[in-house]
Amino acid sequence: MLEKLLVELAKQIDCIYTLSSNNPNWITKVDSNGFYVETEKSREKFNNGEQDKPWEYIPFDFIRTGWNEFIKVRTANSKDFIKTKGRSSFLMAFFHELPFVTKTIKENSIAIQIKEFTTEDLPSEQFHKVISFLEEVINGVYDPKRLSEQTNKNLYRIKSRGRQDLRLLRFLNDENESLFYEMSHHHIL
């Protein structure tokens with residue numbers, strides 16, 4: 001599920017700015033194994049003949065490795081990305097695009113942190129049901145804004161609790177628009 005979420009995120013964002021220096025990282029293409037990222041430096045080196053391509057390919061395996069390094073410590077700065085060293089600024093900015101990751105300071109440097117939720121912020125539905133509903137939203141099975149039109153009374157009750165939980169977890173806004181819906185209309189279309 002997480003990989004699906006990260007793939008969708010990569011497809012919906014055309015540019016990510018690093019958290020400390022605000023440098024742009026353009027995601028120019030996404031395929032089934034990863035995505036292509038260009039920076040001002042990589043484009044400059046390509047134009048000067050120092051590199052044979054203006055992009056760097058970042059496989060989803062690399063993203064997954066970075067994610068595992070991040071969740072292991074829950075608050076991570078660039079020093080915590082050991083296996084993914086060299087692209088930690090990009091990874092931190094990429095993960096920061098997720099609605100449950102915030103920017104903070106750790107050891108006097110920029111860091112990212114998984115948001116902590118209080119008891120009343122936690123989903124009321126079983127976790128696997130919330131994740132299942134999120135997958136259905138991502139895959140276009142349900143539109144959270146039109147849920148009452150797409151379900152019967154019993155199913156609506158179950159799915160609307162999942163929708164509320166997705167709002168609590170910041171995957172949906174107050175208008176029941178998904179993170180991916182907003183991104184696609186602001187960044188892609």
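Side-chain contact, E69 with T84: a donor N or O sits under 3.5 Å from an acceptor N or O.
Between F35 and the options D31, N33, V37, a side-chain contact (heavy atoms from CB on, under 4.5 Å) holds for only V37. Partner of D80 under the side chain to side chain donor-acceptor pair (under 3.5 Å) criterion, chosen from K85, K72, K106: K106. Under the side-chain contact (heavy atoms from CB on, under 4.5 Å) test applied with I112, the options L91, L19, T102, T104 reduce to a single match, L19. With Y156 as reference, R163 is the one residue of R163, Q150, E149, R161 to meet the side chain to side chain donor-acceptor pair (under 3.5 Å) rule.
Pairing each heavy atom of G66 with each of F81, the nearest pair is O-CE2, 3.4 Å. In plain terms, the two heavy atoms of Y17 and A93 that are nearest each other are O-CB, 3.4 Å. Minimum interatomic distance between S32 and F60 (heavy atoms only, all atoms of both residues): O-CD1, 3.9 Å.
By the criterion of side-chain heavy atoms lying less than 4.5 angstrom apart, applied directly or through intervening Ile, Leu, Val, Met, Phe, Trp or Tyr residues, I58 is not grouped with W55; the two fall into different hydrophobic clusters.
Y57 places a side-chain N or O within 3.5 Å of a backbone atom of G34 that can act as its donor or acceptor partner. Between the side chain of N152 and the backbone N or O of N154, at least one donor-acceptor pair lies under 3.5 Å.
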- Yes or no on salt bridge (charged side-chain N to carboxylate O under 4.0 Å, His left out) for E177 and K145, after CA distance, side-chain angles and deciding distance? CA-CA 7 Å; E177 292 174 331; K145 291 181 80 160; 3.4 Å; yes
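Using cut-offs of 30° and 60° for the angle between ring planes, the F90 and F94 rings count as parallel. The aromatic rings of Y142 and F133 sit tilted, their planes meeting at an angle between 30° and 60°.
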